Amino acid sequence: MLPSLLVASLSLATAGWALHESDVGVVDWHTRLVGVPLQNTFHGDLILTATTSNVFAALNATDGSIAWRSIHDDDDPVAAFDVYNHSNVALLSGPGGSTLRTYDTSTGHLLLERRLHNPAHARRHEIQHVAITTGPGSVEGSTTLFALTNGDTVSRIDSRSGEVVWTWSSPDEGSLVVYSHIRTTPDAVYAVGFAKSKAAYTLHVTTLSIANGSTIASVNIPANLAKDRPSFVLLEAPTSSLAAPGPCLTWLESTSIRAAVLTPGLRGQVQILPGVNYTRIQDIGLAGAGQLIAFTQDGSAHVMRYDGESLRPMWEFTDVAPSQTHTESYFAGSLSEDGEPRIASVYWSHANHKAIHQTFTPRLAEGKGQVTGYTFPFRTHEHGVIRHVGSVSLYLASPLTPFTKVTFDGRSSHTHETTRLLLTTSTGTLQLWKHDVLQWSREEALSTIRVATFVPLPPSSASSSLSAGSTVGQGISGTVLTCIRRFSESILQHLRTYAVGPIIHEDGSTRSSGAPSALYSDQFGFRQVIVAATTEGVLYGLDSSDGRVIWRRLFGLGWASDRVGGRVLPVKMYVLPAKVGRVSDDGSKEETLKQTVVVVTQRRAHNSLVDTVVFEVDPLTGDDVPPLEDGESDASRSRYGPLEGKDVIQGPMIESFVLPDGQGTVAMLDEFLQVQLYPDTPATRASLANLAPSLHLVLPTRTSSTPSPGRGSDNDVSTRAQLVGHRLTFNDNVSTVHVAYPTWRIMLGPGETIRETIRNGKDAGQELSVGKVLGDRRTLYKYLNKHLRVVLTEAKGIGAQTGLESSGTMCGLYVLDSVKGTVLYRARLPAPEGRCDDVRAAFVDHWLVYSYFEDGTSAGGDGTKGWRIVSVEMYEGKKPDDVTRSFELSSYSNATTDITTYEQAYLIPYGVTALSTTSTRLGVTLKNLIVASRRRAVHSVPRRLLDPRRPLGKVSPSEAEEGLVTYDAVLPDDARLTLSHNYEVANIRQIMNAPSRLESTSLVLAIGLDLFLTRVSPSGTFDVLSENFNKAQLVLTIGGLALAIGLARPVVRRRQLRGRWYSA
Amino acid sequence: AASYTALKEKRAWDLAISPAKSLPMQAFMLYMSGGGVQIFSMGIVFMLLLTPFKNIAGMNAAFAPFAPAPSNSTSWNTLPLQKLVYVACNLLTLAVGLWKYRSMGLLPTGTGDWLAFETRGQVRSI
């Protein structure tokens, strides 16, 4: 009876959580991404792409949408793919190409999956060692796949059955020769690879019988290839030639191109092309048509063609080297519809500020060719150019990696209108140009967001008039007057909107109103700007109402943009409050500056120097914010060109935080524990000096110079990592800045390293209740200590001491007071497969939630494999009604350790990839737990289910009054708790939340491969009128009553008057 | 006359303990009205709380008919013993009402009832 009642009550409660179908796409949005492309291939109307996010995807070439995608695990990287039969694609993935899969290209259906070798036994090589190629099958219509795996094994696989027909392994098992390419001819399989010699690589070719995989010949070709970047191109003979000769192996030795035509018997001569000095050769995707590009020393490029007998230059592109007027040219080739090769060359012209595209069409019959060209308006300041140096723009080392496809109209081969050009830019953007028109653009850098933040938008002009003006500096009477004025104005406005305006429901799509340029908040503050910094060097401003990109800016490289190049990796992002600017010159008005976003980044130059650079932008427009000490800014430099950062530390940063002075000063610690400030002014220095006694930092002992000494940085058992508390001091004899000095240290266990430190997620300024009222009206006072930190650790090799049979790795979780290093809570968690990546934690106020995977082998565990969530609440004292006033307690008081923790563990039916709690404006609403799962969904777990005081037995009346439900070890797997509807929200790394202006509602943003944003109301939308609120009825009733009063009043008056006259 | 005085005194005692006599009935009503906070139980309990005060306020007038002849009928000094018992009985009714209030959870006795008024000062810096 009772369980069913409970279920009934739960289901009643959950009814309010579920997402209505009509709300999908209105309250949420979802951006599916594939990741930054590594390798693209046109396949009819699809673009097949393998990306850095380990996704193999097919994009629709017409609109850029994802036709299908296959997301691989981290330990299953995509290695090689090849299209066969015009409708299927074979994909090798995993270490050494351990797994073969074939897909239907149009639907993405998995046709075949076969493991070729155990991934644990894969061999790793520095050079490419996985390849796949196809050949005609034994049966008509079938295809045979030839897979080169591990660099030493060639397998022949039937594409239909997946059966391995034969396998050939190199006799030396990859110790000497690493094969990197395979090609097939009707009678032989050619495996070509590198043989290691003392100083350089030489080439090695082995031919195998296609029928049974026996070695026909194996020859070492004397060559002298540079060790740093050995390359060769294996050209196939054009199909037009009669006697189907073997492929032509082409390589560059010192400055001359050498070519060897391969035959199954591997007998022949190495040709040397004399005369021209070449610098490199490049495969442009036309190896199948026997063509490649060779760059000469004098700055031109030759199209080389293999005609079945020899290799000859066919055409010359001049001026392909970077110069003052243009950048380096990028080449790509493809076959036109009639099978003729086309070569496209793309470069950026500094003179025209346009990208120039040239197409080379060979006329084989005449031995000539023809080049036609056009320009297209590539938006370089958003997608490609890194820095302006005078009038010259420089690209990064590889800003454009154009994988182009040139397709021509069948009849006329001279029109460009049907030419399609797919560009991958340095910012991870994928663009398809049809002639000079941009067809679509995919911002794949959004899959690499490292840090992001929500920035509330200013209210629209109508309501901003109310909030304009400040009450500071007025007398009490002035304040009262202002209050009265504002009150009356708001009453008037409310009356106006109430009487005539439409009802704006919470799900009201206010996004349609207004031009996109006018960025104003909606009524409830759901529309905010998400500023997101990616590892691809782009900073995005996204509209939180629909996920649209409002602006994008490139990170400037500072000094490193000159020749050196580098990467900017964002580390932290802070929203600085609106500052009241200096009084303008005439002193008449005070300029209020808008709030800004500061991105703290690490710039890794390619010469391995690391600097800490701070960028500051206007979150609404993406404009540069000039640093305060810079004075006047020239408005012209903003918007165009990359963001200019400020080098704060000449070296890596180990910690950063915002000074709690309300001014938004960012403090950063360098390797020498010196505090650098941004902005660095005497005022901020003074502010730091004031606040220094109250600042406490927890730093792991520096085991490496990286800013986050993450896992794997110190596996040595003998060294013991420490957690060290720091305070700041200033000694002007020693240094000019504040320096951190250690105050306490905690020795971690042997081999234990610190993975992550999590701060208390409580937002400042939230007035929350200090206690929790029990059913008998006693109070559990929450243990609120803003100095608490959660530290996640990984301990390797402790199994020997504790006698565990597992891999000897344990994960640790500590909650400690950063002022004095007291450990208040600790947990030892199992590490499945010796890794602690699965431990996630979220900590807010007095509530800690963490999740881990129980692998069932830990000693003393209950042995049930599965994912767990543990909810921990910390309360003051030993029992209810004990008060220590922890919120305002001095950290040096003994009472800070006088706490009681309640904890309960729950089984959850899905793997957790990220955890977060919701947050609201005032902190009155319950905090739900938001969980991103390996099911590629985002779930909301009600706080009520995660109350660690859920009774184990029958619920007593006072517990029932408190709303506690009986403990159930398994959290319900309720589809109504899934926030992400039926979207696939893949590989979520981080969940962020932001309060809206409604206390009930919080915005939740999931960041990973995909982006997903929705609204959650953990306690229901109690501050919004329900959808079935009948406004017309209310207005009519009030109107009718008013009318009735108006009509009745004279009648009643007359009555009363008459009564007085005639009563006595 | 003596019997008349005795009768009056007896009636005065009757009146003095009358609240206690109605107590079982009221307790039964309270029991029937249940523990929930509803309009019915609230009304009964409100009546239970109000009547003692009303009775005590109108005590002198209530006892006036039974006052001995020579004395001032509305004075506090007449029939002191009966009035004292009367007050005590009314307080008993009041106590029953308060007990009911408490069991309904309407008396702010726990710390939880005063939590909203608890404040915490500025976070001390260390």
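In this text, all values refer to a predicted model and were calculated from it rather than measured experimentally. Residue numbers begin at 1 in each chain, while the letters A, B, ... track the order of the sequences.
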Hey, does the side chain of B/Thr111 reach the backbone of A/Asp881 with a donor-acceptor pair shorter than 3.5 angstrom?
-> no
Under 3.5 Å, which donor-acceptor pairs link side chains of residues 13-29 of chain B to any protein atom two or more places apart or in another chain?
unit_1, atom_1, unit_2, atom_2, d
B/Ser18, OG, B/Leu15, O, 2.7
B/Ser22, OG, B/Pro19, O, 3.0

Any idea which of B/Gly110, B/Gly112, B/Ala116, B/Pro108 has the most non-hydrogen atom pairs under 4.5 angstrom with chain A?
-> B/Gly112
Distance-only check: which donor-acceptor pairs under 3.5 Å involve side-chain atoms of residues 34-59 of chain B, not counting sequence neighbours?
unit_1, atom_1, unit_2, atom_2, d
B/Ser41, OG, B/Gly36, O, 2.9
B/Ser41, OG, B/Gln38, N, 3.2
B/Ser41, OG, B/Gln38, O, 3.2
B/Thr51, OG1, B/Met47, O, 2.4
B/Asn55, ND2, B/Asn90, OD1, 3.0

Note: A/Arg777 and B/Arg102 closest approach over all heavy atoms is NH2-O, 3.9 Å
